[in-house]
> 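Quick one: this structure, given as C-alpha cells, is what I'll be asking you about.
Keep in mind that what you see is a predicted model, and the values were worked out from it rather than measured. Reminder, nothing fancy here: chain letters follow the sequence lines and each chain counts from 1.
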Protein chains: 2
Amino acid sequence: MDRVDEEILRLLKQNGRMTSSEISKRVHLSVPAVAERIRKLEDSGMIERFTVRLNREQTGLHLLAFIMVELERPEHIVGFRERILATDSVLECHHMAGSYDYLLKVALPGTRELEQLISQTIKQIEGVAKTNTMIVLSTMKEEM
Amino acid sequence: MDRVDEEILRLLKQNGRMTSSEISKRVHLSVPAVAERIRKLEDSGMIERFTVRLNREQTGLHLLAFIMVELERPEHIVGFRERILATDSVLECHHMAGSYDYLLKVALPGTRELEQLISQTIKQIEGVAKTNTMIVLSTMKEEM
DNA sequence: CTTGAAAGCGTTGCAGG
DNA sequence: CCTGCAACGCTTTCAAG
C-alpha cells in the first residue's frame, strides 16, 4: 500500500469501471503494473468488491431515518440480529456504546412504511425495550 | 424499470464489474439488450456511478462514530456545511428533525483522532452549540 | 426484442531488459 | 518495474428479422 495504490483506489472509487489502461495514464505506470496492483488489492481484501451506487430517491425510497434501539438483555441479541439482517429496509445496524444498544439506519418509501417497520417488525422482536426514531430531512454528504 | 432492470441492478450491486455477457446469461436477454439497459440506467441517473467498496479496517480506520450536532442559528449553516464537506473523515452528514440538527457519521484511526475532530474541527465551527458522540462497538450490517 | 458478423479496444500472458 | 507482441474475450455497431 503506497501512494500509487491509494491513487488507484481513489480513481476506482470515482469510477469502478475505469480500465487499467485509463488508470495507467493517470498514475504513470504501465498497464500490466496497474492490473497487477488492482488484483493484489482485491486479493488482500482491501477492495471488498466492485459495486454500483444507486440513486435512492429514484428507487422510491424517499424517507431515511435512524432508529436507536434499547435491548433488554443480552440473550435477545441473536434473535434481534437475525431479524434485522433479514430486513431489507435496514441499511445499517451498529452495536453502540452509550444509552442505546443499537443504531439502525433505514430507508423506506414513506412514513407509512416507517410506522409499519417500527411497530410491526422492530417492536415485535423479543427483548426490544425502547426505540427512538430520528427522521432525516436532507442529506448533504453520504459516502462509504 | 421492470423486473429485469431490478435483477440487473441486483447483480451489479454484487459485482460492479460483471460484464454484459455474464449478465445476459442470468437474465435471459441478449448481450446488446443488457448493454442498452445498463446504459439507460446510467443515463436516467438510477445508477449514480460504478464504484468500489473498501475494507475500512484495512484502511486503518478502526473507529466509527456518530456525532449529533446542535447548531445555534440558521445563519451558521453555510459555514458548517462547507467545513463538513471538506472534512474527509466525515462520511455522512444529515440534517435531522428532532432535538439535534445534524447527525454525522465519522470514520477515524482511533480515539485520539476523534478527540481532535470534535475539539479542533467541529466545535470550532461557528454556531455549533452542542455535540453528542456515540461510539460504534461493532457493525453487523452496512450497505448503501 | 432477436441473431450474426465485423471492427475496435482492453486484458492477459510471456518474452527479454 | 519496463516494453513489445500475440492471443483472447468483450463491447459496440450495424443489418436484417
Side-chain angles (χ1 to χ4, degrees), chain A residues 1-62 88-89 91 107 109 142-144, chain B residues 1-62 88-89 91 107 109 142-144:
Chain A
M1 265 299 287
D2 56 8
R3 286 297 171 93
V4 179
D5 280 337
E6 283 171 27
E7 179 64 9
I8 290 174
L9 290 179
R10 206 185 56 77
L11 292 170
L12 285 176
K13 244 183 154 177
Q14 290 176 359
N15 177 7
R17 285 200 158 178
M18 189 177 284
T19 60
S20 296
S21 47
E22 279 178 279
I23 294 171
S24 92
K25 289 167 197 159
R26 311 212 189 191
V27 299
H28 307 295
L29 239 65
S30 70
V31 174
V34 169
E36 175 74 1
R37 278 169 181 267
I38 295 174
R39 197 190 54 73
K40 281 182 182 169
L41 287 167
E42 284 187 86
D43 290 350
S44 71
M46 176 66 71
I47 292 179
E48 284 187 0
R49 59 192 156 95
F50 289 88
T51 184
V52 70
R53 191 195 155 101
L54 304 184
N55 184 305
R56 200 174 290 136
E57 280 291 328
Q58 283 196 44
T59 58
L61 302 174
H62 303 291
D88 284 340
S89 50
L91 302 180
E142 192 173 20
E143 292 169 19
M144 264 299 216
Chain B
M1 269 296 286
D2 56 11
R3 287 294 172 94
V4 180
D5 281 337
E6 283 172 26
E7 179 63 10
I8 291 174
L9 291 178
R10 205 184 57 77
L11 292 169
L12 286 175
K13 245 183 154 176
Q14 291 177 357
N15 177 6
R17 285 198 158 178
M18 189 177 284
T19 59
S20 297
S21 47
E22 280 179 279
I23 295 171
S24 93
K25 288 167 199 162
R26 310 210 191 194
V27 300
H28 307 295
L29 239 64
S30 69
V31 173
V34 169
E36 174 75 3
R37 278 168 182 264
I38 294 174
R39 198 191 53 74
K40 281 183 181 167
L41 286 167
E42 285 188 84
D43 291 348
S44 71
M46 176 67 69
I47 291 178
E48 285 186 1
R49 59 191 155 99
F50 289 88
T51 184
V52 71
R53 191 197 155 100
L54 303 184
N55 184 306
R56 201 173 290 138
E57 280 291 327
Q58 283 196 44
T59 59
L61 303 172
H62 303 291
D88 283 340
S89 50
L91 301 180
E142 192 173 19
E143 292 169 20
M144 265 300 214

> Which heavy atom in A:Val52 sits nearest to a heavy atom in B:Leu9, and how many Å separate them?
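Smallest heavy-atom distance, with atoms named: CG1-O, 4.4 Å.
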> Let me know the distance between CE of B:Met18 and C1' of D:dG9, rounded to the nearest Å.
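So the CE-C1' distance, B:Met18 to D:dG9, works out to 16 Å.
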> Quick check against the 3.5 Å criterion: does A:Arg49 have a side-chain atom that pairs as donor or acceptor with the backbone of B:Arg53?
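No.
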> Choosing from D:dT11, C:dT2, D:dC2, which nucleotide comes nearest the side chain of B:Val31?
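For B:Val31, the side-chain atoms sit closest to D:dT11.
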> Starting from P on D:dC10, measure out to NZ on B:Lys25 and report it in whole angstrom.
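It is 6 Å, rounded to the nearest whole Å.
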> Check the pair B:Glu143, B:Lys13 against salt bridge (Lys or Arg N to Asp or Glu O under 4.0 Å), reporting the backbone distance first and the verdict last.
CA-CA 10 Å; B:Glu143 292 169 20; B:Lys13 245 183 154 176; 5.0 Å; no
> What integer distance in Å separates B:Phe50:CZ from D:dT11:C1'?
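Value for this atom pair: 14 Å.
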> So, does A:Ser20 get its side chain near the phosphate of C:dT11, meaning an N or O under 4.0 Å from OP1 or OP2?
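For C:dT11, OP1/OP2 do have a side-chain N/O of A:Ser20 under 4.0 Å.
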> Using whole Å, report how far NE2 of B:His28 lies from C1' of C:dC1.
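One finds 16 Å between C1' of C:dC1 and NE2 of B:His28, rounded.
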> Enumerate, in order of first residue number, the stems that involve DNA chain D, defined as 3 or more consecutive Watson-Crick or G-U wobble pairs with both distances under 3.5 Å.
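Output for stems: C:1-14 with D:4-17.
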> What is the distance, to the nearest angstrom, from the CZ atom on A:Arg17 to the C1' atom on D:dC10?
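Spelled out: CZ on A:Arg17 to C1' on D:dC10 is 11 Å.
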> What is the nucleic acid contact for A:Arg37, judged by heavy atoms within less than 4.0 Å: base, sugar-phosphate only, or nothing?
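Result for A:Arg37 = sugar-phosphate.
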> Grab the CZ-P distance between A:Arg39 and C:dT11 for me, whole Å please.
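It works out to 15 Å between those atoms.
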> Tell me: CD1 of B:Ile38 to P of D:dT11, nearest whole Å?
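The answer, rounded to whole Å, is 8 Å.
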> Report, as yes or no, whether the 6.0 Å neighbourhood of atom CZ on A:Arg26 holds more than 12 heavy atoms from other residues, nucleotides or ligands.
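Check fails, neighbour count at 12 or below.
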> Looking at D:dT3, D:dC1, C:dT2, which one has an atom nearest to any side-chain atom of A:Ala33?
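Of all the options, the side chain of A:Ala33 is nearest to D:dC1.
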> So does A:Asp88 have more than 12 non-hydrogen atoms from other groups sitting under 6.0 Å from CG?
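No, not enclosed.
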> Indicate yes or no: does B:Arg10 engage B:Glu6 in a salt bridge with an N to O separation below 4.0 Å.
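Result for this pair is no, no salt bridge flagged.
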> Taking 4.0 Å as the cut-off, does a side-chain nitrogen or oxygen of B:Ser30 come that near to OP1 or OP2 on C:dC1?
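For C:dC1, neither OP1 nor OP2 has a side-chain N or O of B:Ser30 closer than 4.0 Å.
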> Heavy atoms only, 4.0 Å cut-off, all strands: where does B:Ser21 land among base, sugar-phosphate and nothing?
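Sugar-phosphate only.
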> Nearest to the side chain of A:Thr19, heavy atoms from C-beta on, is which of C:dT2, C:dT11, D:dC2?
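Among the listed nucleotides, the one closest to the side chain of A:Thr19 is C:dT11.
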> Rounded to the nearest Å, what distance is computed from the CD atom of residue B:Glu22 to the P atom of nucleotide D:dC10?
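Between P of D:dC10 and CD of B:Glu22: 7 Å.
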> Would you sort out whether A:Glu7 and A:Leu29 count as a side chain to side chain contact (heavy atoms under 4.5 Å, CB included), showing the intermediate values?
CA-CA 12 Å; A:Glu7 179 64 9; A:Leu29 239 65; over 6 Å; no
